[in-house]
Amino acid sequence: MPELVFFSGTMDCGKSTLALQIEHNRSARGLQGMIFTRDDRAGEGKLSSRLGLVTDAVEVEDDQDVYAYLVEHLSRGGRADYVIADEAQFLAPEQIDQLARVVDDLDIDVFAFGITTDFRSKLFPGSQRLVELADRVEVLQVEALCWCGARATHNARTIGGRMVVEGAQVVVGDVDQSEDIGYEVLCRRHHSRRMTAATARAGALSPDVLPVDTVAGR
């Protein structure tokens with residue numbers, strides 16, 4: 001039976017790499033897929049991974065009906081044996097409903113990939129709807145690590161290396177800290193303490209106490 005499967009995880013855990021692997025495996029067997037994406041780091045209409053792999057995709061617009069898009073594609077004689085939706089957290093809840101309809105009405109597998117929560121640990125509306133509707137939710141087993149070495153469970157937005165908890169929910173960026181605004185994956189402990197790699201390093205370089213002369217009388 002066709003399924004709507006949601007592959008979730010933090011940033012930097014290999015979601016897009018797995019999406020590209022699924023695309024490769026199925027296309028190698030003669031199947032043709034439809035790839036949707038939204039706000040990929042590589043630019044409009046691209047599905048890319050941090051390993052350097054990239055392929056073309058359909059950029060989903062705010063008010064686009066992905067079900068109607070696919071039906072039109074099929075009615076023109078196109079094929080779609082499966083659907084991949086990357087960066088699915090950025091899709092609107094109605095668009096997730098449309099992906100579920102692709103499964104139920106068109107008997108096509110849909111593989112959705114995305115992060116579950118934003119930099120404030122709040123659910124993305126698209127991810128929430130996927131959790132509500134998906135036949136399966138798969139948490140990726142390639143663990144991203146916090147700077148402390150623990151399993152990373154939260155996504156942090158940083159400005160100049162310092163974690164911020166205010167701002168728009170969607171600001172496209174990467175875990176590359178070369179830009180002023182970036183992202184970092186943290187364990188729950190350090191996310192709650194707002195302690196990034198940069199702030200932890202700065203704290204380690206600071207003296208714990210002022211120098212004290214222990215000679216009596218001084």
Side-chain angles (χ1 to χ4, degrees), residues 1-9 11 13-118 123-138 140 168-174:
M1 293 290 292
E3 290 184 305
L4 171 59
V5 186
F6 179 33
F7 295 92
S8 68
M11 297 180 73
C13 75
K15 297 180 300 301
S16 297
T17 301
L18 179 58
L20 287 162
Q21 184 68 55
I22 288 176
E23 160 66 12
H24 170 75
N25 289 353
R26 280 160 175 72
S27 62
R29 295 295 179 266
L31 301 176
Q32 294 182 23
M34 175 70 69
I35 303 176
F36 293 107
T37 190
R38 178 71 187 264
D39 294 333
D40 188 273
R41 69 183 72 84
E44 184 174 336
K46 297 294 181 183
L47 165 57
S48 67
S49 93
R50 293 186 180 88
L51 299 182
L53 304 174
V54 62
T55 192
D56 292 330
V58 176
E59 184 77 14
V60 179
E61 305 296 335
D62 287 340
D63 57 353
Q64 183 174 356
D65 186 326
V66 294
Y67 176 83
Y69 183 94
L70 191 58
V71 168
E72 183 181 357
H73 171 76
L74 295 172
S75 67
R76 294 198 309 264
R79 279 182 61 187
D81 301 307
Y82 58 92
V83 170
I84 291 174
D86 197 34
E87 306 293 356
Q89 72 274 5
F90 296 145
L91 299 182
E94 312 85 71
Q95 291 169 326
I96 302 302
D97 290 341
Q98 293 157 13
L99 289 176
R101 190 180 175 194
V102 168
V103 176
D104 297 337
D105 292 1
L106 303 179
D107 291 330
I108 296 175
D109 283 313
V110 174
F111 306 103
F113 299 80
I115 58 180
T116 308
T117 57
D118 64 16
L123 284 168
F124 281 100
S127 297
Q128 178 178 336
R129 194 62 178 144
L130 275 165
V131 171
E132 293 166 349
L133 291 183
D135 297 294
R136 287 188 290 126
V137 177
E138 301 281 352
L140 295 192
Q169 185 177 52
V170 178
V171 175
V172 179
D174 205 348

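Computed from a predicted structure; not experimentally measured.
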Sequence neighbours left out, what passes side chain to side chain donor-acceptor pair (under 3.5 Å) with [X]? Give chain and number order.
{"X": "D56", "result": "K46"}
{"X": "E94", "result": "none"}
{"X": "D63", "result": "none"}
{"X": "D81", "result": "R79"}

With [X], which residues qualify under salt bridge (charged side-chain N to carboxylate O under 4.0 Å, His left out), at least two apart?
{"X": "E61", "answer": "none"}
{"X": "E138", "answer": "R136"}
{"X": "D97", "answer": "R129"}

Would you say R38 and D62 make side-chain contact, with heavy atoms under 4.5 Å? yes

Does S127 reach the side chain of F6, with side-chain heavy atoms less than 4.5 Å apart? yes

Keeping Q95 on the side-chain end and Q64 on the backbone end, is there a donor-acceptor pair under 3.5 Å? yes

Closest approach of [X] to [Y] (non-hydrogen atoms, all atoms of both residues):
{"X": "S8", "Y": "V137", "value": "OG-CG1, 4.1 Å"}
{"X": "I115", "Y": "G9", "value": "CG2-O, 3.1 Å"}
{"X": "G114", "Y": "Q89", "value": "CA-OE1, 3.1 Å"}
{"X": "S16", "Y": "S48", "value": "CB-O, 3.1 Å"}

Out of curiosity, [X] [atom1] to [Y] [atom2], how far, rounded to the nearest 0.5 Å?
{"X": "L91", "Y": "F124", "atom1": "CG", "atom2": "CZ", "value": "11.5 Å"}
{"X": "L133", "Y": "L99", "atom1": "CG", "atom2": "CG", "value": "9.5 Å"}
{"X": "D39", "Y": "D86", "atom1": "CG", "atom2": "CG", "value": "11.0 Å"}

Under the ring-ring contact (aromatic ring centres under 6.0 Å, His included) rule, collect the residues that match up with F7, sequence neighbours excluded. F113

Considering residues at least two apart in sequence or located in another chain, which fulfil the ring-ring contact (aromatic ring centres under 6.0 Å, His included) criterion with Y69? F36

Tell me which donor-acceptor pairs under 3.5 Å the side chains of residues 100-110 have, and how far apart each pair is, sequence neighbours excluded?
from: R101; atom 1: NE; to: D105; atom 2: OD2; distance (Å): 2.8
from: D109; atom 1: OD1; to: E3; atom 2: N; distance (Å): 2.7

Considering only distance and modelled atom types, tabulate donor-acceptor pairs under 3.5 Å from the side chains of residues 25-34, sequence neighbours left out.
from: N25; atom 1: OD1; to: Q21; atom 2: NE2; distance (Å): 2.9
from: S27; atom 1: OG; to: E23; atom 2: O; distance (Å): 2.9
from: S27; atom 1: OG; to: H24; atom 2: O; distance (Å): 3.1

Decide side-chain contact (heavy atoms from CB on, under 4.5 Å) for L47 and L20; before the verdict, give the C-alpha distance in whole Å, the side-chain angles of both, and the deciding distance to 0.1 Å. CA-CA 8 Å; L47 165 57; L20 287 162; 4.0 Å; yes

Could I get the full list of side chain to side chain contact (heavy atoms under 4.5 Å, CB included) partners for L123, not counting sequence neighbours? T116, T117, Q128

